[in-house]
Amino acid sequence: MANTLEKIVSLCKRRGFIYQSSEIYGGFGSCYDFGPLGVEMKNNIKKSWWDEMTKLHENIVGLDASILMSSEVWKASGHLTAGFADELVECKSCHKRFKGDELKENSRDKCPECGGKLTEAKQFNLMMKTFVGPVEEKASQVYLRAETCQGIYVNFLNVLDSTRMKIPFGICQIGKAFRNEITPGNFIYRMREFEQMEFQLFCNPKEADNFFDYWKKERMKWYEKLGVKKENLRLVEIPKEKRAHYAKRQVDIEYNFPFGWREIEGVHNRGDWDLSNHAKYSGKDLKYFDETTKEKYFPYIVETSVGVDRIFLMFLIDAYEEISGGRTKTTEAKKEIEVLLKLHKSLAPIKVAILPLVKNKEELVKKAKEVYETIKPFFTCQYDEVGSIGRRYRRQDEIGTPFALTIDFETLEKSDVTIRDRDLMKQERIKIENLITKLKGEF
Ligand code: GAP
């Protein structure tokens, strides 16, 4: 029997959410491609976060910094030293590699796969290297960013000068990050190329603790607003010895995945680690003059950092339901296990399906296409005429489409359609002229 993760992986490939990278060449490990439905859903996740941050907070602005930056950035941030390295051990027999801290306490010298002897642990830096320009020499070596927030810190002065914002204020950014993970895995949970949504609040050091508590609650509220089951989320305070090298305080938001409770987001009080180090390495004055208190200080940074791919997987798992024998009473459905993806409406890749009752009646198909043309500028729609109507509903349920419109013979007489609710399976008739207003009210 496949477990939930295997079922999700299969659904993703079958329906075009996610494919393995470079699959026709045998696949490229730890990288994934988002298909037609995947890219829609990913964009919906990012839009929800972006709107939440920038539209609902007048003191938060956005940024889109470059992936490649001066190598000095990574010296200053501490990412080129032990702070951003994992313990790597290798099996002398099968040559599999493991993260030292993931091995069980009592078997740190034995390979969990083949029982062979393990090498001594050595430090392995996770930064990915590349070269800029035509010559591949040390001087032209740069790094792919390992976290998006460094692009925010190096633009702190630019944003301050160009927006005239006053502390406390925040900058957020969405973008790719790269880490040479020793043990990527669990599908898109841990990858070597992934996307982050990071928010950095610059504040008076005296206020950092309060903002930290505020933001950790705000982030939990966002997940709950998007329908994630409360019992599958928890906040975990990270003790000093396990915190990231820059964190004065760290709380992880964890989700109960099929493979156990795992981090989805980190909330960090980074203190003045970043701005003071960038000031030291760049020689620029990154202190802030506070006109209200007449003090000059390095602002403290409170950060919320989440991986888009990681929560993409979480949303799929949390929404996934199987109904043995099906929800409908038809004999055809009874034989099957029906899959229902109860995604929050705002995250669903397709919002509305448009289905003529049958495809061999020209007038129905013509009318259905007319409805499709009317709706499609406003909502991401899918027109489908292939197979029985029951089968088409199930295809839409499986990808989480909240509403299905059916164009039947009554439509031709009364100019109305049935609108079917994914979760309740309730159907009601609605005039075509009222459809857009009705659907706008749903999203
Ligand atoms: N700027 C802080 C920072 O990067 P982090 O805890 O290293 O903190 C934040 O990463 C989030 O980025 C994680 O909670 C996770 O959601 C995501 N993330 C980190 N490494 C990842 C990986 N290898 N694959 C997918 N997501 C990852």
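Numbering of ligands and ligand atoms starts at 1, following listing order.
Note that Lys129 lies outside the cation-pi zone of Tyr143, set by a 6.0 Å cut-off to the ring centre and a 45° limit from the axis.
Every residue two or more places apart in sequence or in another chain was checked for a side-chain hydrogen bond (donor to acceptor under 3.5 Å, both in side chains) with Arg145, and none qualifies.
Counting all heavy atoms, side chain and backbone alike, Ile419 lies closest to Lys438 at CD1-CE, 4.2 Å. Residue Ala146 comes nearest to Met127 through the heavy atom pair CB-SD, 3.5 Å, listed as atom of the first residue, atom of the second, then distance.
The 4.0 Å heavy-atom shell around ligand 1 contains residues Glu147, Cys149, Arg179, Glu181, Tyr189, Arg190, Met191, Phe194, Gln196, Glu198, Tyr246, Glu263, Ile264, Glu265, Gly266, His268, Arg270, Glu303, Ser305, Val306, Gly307, Arg310, ordered by chain and number.
Salt bridge present: Lys75 and Glu72 bring a charged side-chain N and a carboxylate O closer than 4.0 Å.
Taking the six-membered ring where tryptophan is involved, the planes of Phe403 and Phe443 are perpendicular, since the angle between them exceeds 60° and thus also 30°.
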